Amino acid sequence: MKKYLILCFIFVLALSVNAQDKDSDHVCKEDPCSHVNVFAPQKGDFTAAMVFGRGAYLNGGLVVPNSYPSTVDGTSPYDNTVNANSNSITNMIGAEGRYYVGNKFALTLSGGAIMRNTPAVLAIPGVPNSSVPAYAAVDSSENIDVTATIGGQWLFKTKNDRLFPYLGFALPFDYARQSLYDPTVTVDNLGNVTITDLGARHADITAFGVQAVAGVDYYVAKDVFFGFDIKPVSYTYAVSVKTPGPGLMNLESENNTVSFFAQFSFKLGFKF
């Protein structure tokens with residue numbers, strides 16, 4: 001359903017400017033009159049765009065160790081923002097801003113963050129042979145997903161005054177963390193006490209990389225555009241650290257991902 005709404009929105013915008021062959025200013029200081037394009041971004045302009053495509057948060061392989069005693073999971077991190085057979089133009093993955101420091105060059109910034117936290121609640125035993133129930137413990141959990149990308153783009157003009165291809169680079173940074181703590185304490189019939197977790201268990205992933213960017217924007221109105229971009233080549237380095245409990249040794253693993261023409265996105269934006 002979302003993809004049809006997006007396509008209808010673009011169609012309506014296109015119809016709104018269909019009656020205008022050229023949406024431009026004319027400066028007539030001399031004869032003949034000179035034609036000035038108003039679609040092209042100029043120095044000092046700012047654009048903001050919604051970005052659609054495959055999810056941009058890198059958290060593949062984020063597995064928290066189980067409660068002690070157990071084997072610490074050996075799953076390594078991987079760049080789950082790259083997948084050869086899964087992408088969606090209807091999935092909004094974030095926003096991108098561009099500031100034009102010149103008529104042909106813009107600085108870019110995109111990203112987002114998701115943070116969740118659940119405090120622990122201790123278990124409360126019930127009263128045997130009564131109507132007073134026992135209350136189970138509430139596990140403590142913490143989830144953090146952060147992605148941020150800075151870069152630069154060079155804009156090129158074409159014979160079509162609405163169409164603007166660009167080339168650039170991007171420097172992505174990603175961080176993901178998950179923490180679990182089970183406060184459950186049990187006592188058997190012999191009075192033996194079992195503590196599930198002595199402290200929180202963690203897993204985190206830190207990743208950074210470098211990407212080439214190629215794309216094109218098409219202005220359907222003076223300050224409204226849509227576009228597509230692709231990463232012709234992308235490199236990502238990721239490292240994960242798993243902590244099974246306080247005072248225990250960490251398990252570290254690394255991953256390197258190189259992709260070619262494997263990351264696509266669709267943009268719908270506005271110029272200010």
Side-chain angles (χ1 to χ4, degrees), residues 54-84 86 91-94 110-128 132-149 171-210 234-259 263:
R54 182 168 176 80
Y57 292 97
L58 193 157
N59 51 24
L62 188 68
V63 181
V64 179
N66 294 323
S67 297
Y68 181 83
S70 178
T71 301
V72 179
D73 187 273
T75 303
S76 62
Y78 63 93
D79 189 353
N80 58 316
T81 65
V82 179
N83 189 302
S86 178
N91 180 42
M92 182 174 175
I93 62 175
S110 62
I114 302 172
M115 290 171 279
R116 296 186 178 95
N117 181 61
T118 302
V121 177
L122 295 176
I124 301 175
V127 178
V132 180
Y135 294 82
V138 176
D139 293 353
S140 170
S141 65
E142 180 186 63
N143 296 81
I144 300 174
D145 284 283
V146 176
T147 179
T149 301
L171 304 174
F173 170 80
D174 297 273
Y175 179 75
R177 176 183 174 89
Q178 186 172 2
S179 176
L180 296 175
Y181 169 66
D182 186 347
T184 300
V185 178
T186 58
V187 182
D188 62 19
N189 295 331
L190 299 178
N192 298 316
V193 178
T194 301
I195 301 175
T196 305
D197 283 334
L198 295 175
R201 298 166 277 123
H202 311 283
D204 61 60
I205 295 175
T206 303
F208 54 88
V210 59
S234 175
Y235 168 75
T236 301
Y237 169 80
V239 57
S240 71
V241 178
K242 297 183 177 71
T243 303
L248 299 177
M249 185 177 67
N250 296 334
L251 174 62
E252 297 186 12
S253 57
E254 302 175 347
N255 176 266
N256 295 276
T257 300
V258 179
S259 62
Q263 292 174 287

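Since the model is a prediction, treat every value here as computed from it, not as a measurement.
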Supply the atom-to-atom distance [X] [atom1] to [Y] [atom2], rounded to the nearest 0.5 angstrom.
X      : Y      : atom1 : atom2 : result
Tyr78  : Asn255 : OH    : CG    : 10.0 Å
Ile144 : Glu142 : CD1   : CD    : 4.5 Å
Arg177 : Met115 : CZ    : CE    : 13.5 Å
Phe173 : Thr149 : CZ    : OG1   : 10.5 Å
Tyr175 : Thr147 : OH    : OG1   : 14.0 Å

Among Thr243, Val64, Leu248, the one residue meeting side chain to side chain contact (heavy atoms under 4.5 Å, CB included) with Arg201: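 So the option named by the test is Val64.
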Identified side chain to side chain contact (heavy atoms under 4.5 Å, CB included) partner of Pro65 from the options Val72, Thr71, Leu251: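 Of the listed residues Val72, Thr71, Leu251, the side chain to side chain contact (heavy atoms under 4.5 Å, CB included) partner of Pro65 is Val72.
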So [Y] and [X], do their side chains get closer than 4.5 Å, heavy atoms only?
X      : Y      : value
Asn143 : Ile114 : no
Ile93  : Arg54  : no
Tyr235 : Asn256 : yes

Whether [X] side chain and [Y] backbone form a donor-acceptor pair below 3.5 Å:
X      : Y      : result
Ser140 : Thr118 : yes
Asp197 : Asp182 : yes
Thr196 : Thr184 : yes

With sequence neighbours excluded, residues passing side-chain contact (heavy atoms from CB on, under 4.5 Å) with Ser76: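 Ser76 satisfies side-chain contact (heavy atoms from CB on, under 4.5 Å) with Ser253 once adjacent residues are dropped.
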Measure across [X] and [Y] and return the closest heavy-atom pair with its distance rounded to 0.1 Å.
X      : Y      : answer
Ala120 : Tyr181 : CB-CD2, 4.1 Å
Val146 : Ala113 : CG2-CB, 4.1 Å
Pro77  : Ile205 : CB-CD1, 3.9 Å
Pro183 : Leu122 : CB-CD2, 3.7 Å

Between [X] and [Y], a side-chain donor and acceptor under 3.5 Å:
X      : Y      : value
Asn59  : Asn80  : yes
Thr206 : Asp204 : no
Thr75  : Asp73  : yes

